[in-house]
Amino acid sequence: MEALMNQVWLRGLQRLPRTLPIPCRNHSSCAGHATSPVSTDDPRRTTPKLLVSRLYQPSNLRDVGQDSRLPGEMTCKSQRLMQQAGLIHPSGPGCYYYLPATVRSMEKLVRLIDQEMQGIGGQKLDMPSLCSAELWKTSERWDLMGKELFRLKDRHGADYCLGPTHEEAVTTLVAHQSTLSYRQLPLRLYQITRKFRDEPKPRFGLLRGREFYMKDMYSFDISEEAAYQTYESVCQAYTRLFSRLGLRCVQVQADTGNIGGKLSHEFQLPADIGEDRLLVCGTCSFSANVETMSTGRTDCPQCKTGTLVESKGIEVGHTFYLGTKYSHIFNATFSNSLNKPAVTEMGCFGLGVTRILAAAIEVMSTEDGIRWPGLLAPYQVCVLPPKKGSKVDEVASSAEELVHTLEETLPCLRGEVVFDDRTQMTIGKRLKDASRLGYPYVVVVGQGALEETPKFEVICQQTDETVFLSKDGLVDLLGKVETI
């Protein structure tokens, strides 16, 4: 046995390299060991982390011509551009895969919404999408919603629906807190989740789908006056949100529909593709959905002198003052200052998360390329090195170093700078892709980088301006970029 083991060890030793590095016991006696700085030529230091070639935007998903048709007809600009750019891909009527760049943009929008909702005292929660039919039958909306409600049975034969909205669920939740005091109100609970609606004719990409993301907030107040104050604070938060996004949004008088209540407003982005017809006064701030006005009326009921002009809009938000419609049904009460039970006054407030994304693209983009609200762009900067083998190929390393410099110098851009490493393609082709995807800033590293003071071509896609800047000038420009 001992002889056999010796043979095994001998064969193993014969396979080892002829020379082996000798481990150093005393670091101080080994020149350069451990104490020497990492070489700046080490590619691990300068190779960018975000490479366009590694982003999941498959070319077979992006090959969508203006006249071509994928599952789900191309019915508007935002749908076509988002599919061309590999941002979404249809899985069935009114349902889409949200690809990584879209998810990044959505996450930024969610953070923005969280800031505004929590800024007015909102508390975030998450409610089940699977809702008991009993709740909806209690509110009498099980039949009222008709075919728009996705309905299903479990294995025991119990009826459920996939929630398009959660008034019943949240009011039941609050009603279960039997010790709720007036000192704990107002209560403003919200969630950002998937919603479901069985649209008869899904169209316009993410603008009208069967599955979508929505922010829905539900408020509980001690009185009608307090509920109106909550209503106004949410409307102001919505106005701030759209202002931060750089979107012109109009708050219009609206119908309460099957949600019900005493007061309602829609937040509309004016757009020719919009399905809502609006009447807007050119003299005062009055505006309304035509559903709330007498047919053919053109005089303004607010200022009495202005003329109402019809336009179209995309609804991206909706607010309702509900009163006690749901709190009375589900017995959502609190102890008032006299220690007597009282019914809470409610409101509900929606924002279409995926619809805001698509609507922003619809109203801001060109026919050939996406233009994002600055805060929502999936990535803020795209750096283009020269084509491999070109006359200025020698500055390719400068492009990689530039990415490293931007992320180290500007913390706000960490994770926001992508490097288009597809150097087998010409600058022109990559610029076309960059325009299609809508990076707010595209930096081309070319001939100017060979100058004594290197210059970079900077394309500001939001304004269609092109400037040539030194590295310091570029850092100064991008240092003003706001991220979230």
Side-chain angles (χ1 to χ4, degrees), residues 78 98 102-126 165-166 186 188-195 206-207 212-219 227-254 259 263-271 274 276 278 280 285 287 289 313-321 347-365 370-378 380 412 416 438 440 462 481-484:
S78 59
Y98 304 146
T102 300
V103 172
R104 276 185 63 90
S105 187
M106 281 180 53
E107 288 172 344
K108 292 180 178 185
L109 179 54
V110 167
R111 287 197 290 272
L112 195 62
I113 292 172
D114 284 339
Q115 286 182 1
E116 293 297 340
M117 293 300 98
Q118 292 169 21
I120 59 171
Q123 299 179 66
K124 197 172 186 179
L125 78 168
D126 196 358
T165 183
H166 279 73
R188 296 163 182 170
L189 304 174
Y190 79 98
Q191 63 176 353
I192 299 176
T193 57
R194 286 180 185 261
K195 294 289 193 288
L206 300 188
L207 292 177
F212 49 92
Y213 279 89
M214 189 172 86
K215 185 284 303 178
D216 44 325
M217 173 181 271
Y218 305 91
S219 63
Y228 275 116
Q229 290 174 358
T230 292
Y231 188 94
E232 185 59 29
S233 69
V234 176
C235 288
Q236 290 173 359
Y238 281 15
T239 300
R240 287 193 301 271
L241 173 73
F242 292 113
S243 177
R244 292 177 70 181
L245 292 175
L247 296 171
R248 186 172 75 88
C249 196
V250 181
Q251 180 179 340
V252 306
Q253 175 182 296
I259 289 181
L263 176 69
S264 176
H265 285 90
E266 294 168 344
F267 287 77
Q268 297 271 355
L269 291 187
D276 290 304
L278 316 176
V280 180
S285 61
S287 55
N289 192 306
I314 301 171
E315 180 191 334
V316 288
H318 208 148
T319 57
F320 299 85
Y321 167 50
C348 67
F349 313 91
L351 280 175
V353 178
T354 40
R355 184 177 283 190
I356 289 173
L357 283 186
I361 290 173
E362 186 70 39
V363 301
M364 296 181 72
S365 300
I370 290 173
R371 298 295 178 265
W372 298 92
L375 285 173
L376 302 189
Q380 292 292 334
C412 65
E416 294 286 345
Q462 307 289 51
V481 172
E482 184 182 359
T483 58
I484 186 167

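- Contact detail for P373 and L245: the closest heavy-atom pair is CB-O, 3.3 Å.
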Exercise for the section: Verify side chain to side chain contact (heavy atoms under 4.5 Å, CB included) between V110 and K124, making sure each step is shown before the conclusion. Expected result: CA-CA 12 Å; V110 167; K124 197 172 186 179; 3.8 Å; yes
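- Proximity of M217 to L351: side-chain heavy atoms (C-beta onward) are nowhere separated by under 4.5 Å.
- In this structure Y321 satisfies the side-chain hydrogen bond (donor to acceptor under 3.5 Å, both in side chains) test together with E345, sequence neighbours excluded.
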Exercise for the section: Take S219 and Y231 through the test side chain to side chain contact (heavy atoms under 4.5 Å, CB included) and record every step on the way to the result. Expected result: CA-CA 9 Å; S219 63; Y231 188 94; over 6 Å; no
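- The structure places CD1 of I356 at 11.5 Å from CD1 of I314, a figure rounded to the nearest 0.5 Å.
- Partners of E362 by side-chain hydrogen bond (donor to acceptor under 3.5 Å, both in side chains), not counting sequence neighbours, listed by chain and number: S78.
- Taken to the nearest 0.5 Å, the NZ atom of K215 stands 10.5 Å off from the CG atom of D114.
- In this structure, CH2 on W372 lies 10.5 Å from CG on L109, to the nearest 0.5 angstrom.
- Taking CZ from F212 and CG from L357, the interatomic distance works out to 14.0 Å, rounded to the nearest 0.5 Å.
- Between A359 and L207 the shortest heavy-atom distance is N-CD2, 3.6 Å.
- Partners of R104 by salt bridge (Lys or Arg N to Asp or Glu O under 4.0 Å), not counting sequence neighbours, listed by chain and number: E416.
- In this structure, the side chain of S365 engages the main chain of R371 through a donor-acceptor pair within 3.5 Å.
- Taken to the nearest 0.5 Å, the CD atom of Q253 stands 10.0 Å off from the CD atom of E266.
- For the pair F349 and C235, the minimum side-chain heavy-atom distance is 4.5 Å or more.
- Scored by the side-chain contact (heavy atoms from CB on, under 4.5 Å) test, C412 finds L410, T483 as partners (sequence neighbours excluded).
- Residues forming a side-chain contact (heavy atoms from CB on, under 4.5 Å) with Q115 (at least two apart in sequence, or on another chain): L112, R244, I484.
- Of the possible polar contacts, none joining the K108 side chain to the L375 backbone as a donor-acceptor pair under 3.5 Å is found.
- Side-chain contact between P186 and Q229: absent, with no pair of heavy atoms (C-beta onward) separated by less than 4.5 Å.
- Every side-chain contact (heavy atoms from CB on, under 4.5 Å) that A237 has, sequence neighbours left out, goes to E116, M117, I120, R240.
- Using a 4.5 Å cut-off on side-chain heavy atoms (C-beta onward), M106 and T354 make contact.
- The backbone N or O of T230 lies less than 3.5 Å from a partner atom in the side chain of S233, making a donor-acceptor pair.
- Note: Y218 OH to Y190 OH = 13.5 Å, rounded to the nearest 0.5 Å.
- C348 pairs with exactly one of I259, T319, V234 by the side-chain contact (heavy atoms from CB on, under 4.5 Å) rule, that one being I259.
- Evaluation of the side-chain contact (heavy atoms from CB on, under 4.5 Å) rule for V250 yields R248, V252, P270, S287 as partners, not counting sequence neighbours.
- Remark: H318 engages S264, E315 in a side-chain hydrogen bond (donor to acceptor under 3.5 Å, both in side chains) (not counting sequence neighbours).
- Residues passing the side-chain hydrogen bond (donor to acceptor under 3.5 Å, both in side chains) test with T193, sequence neighbours excluded: K195.
- Residues forming a ring-ring contact (aromatic ring centres under 6.0 Å, His included) with Y213 (at least two apart in sequence, or on another chain): Y98.
- Using a 4.5 Å heavy-atom cutoff, the side chains of V316 and Y238 are not in contact.
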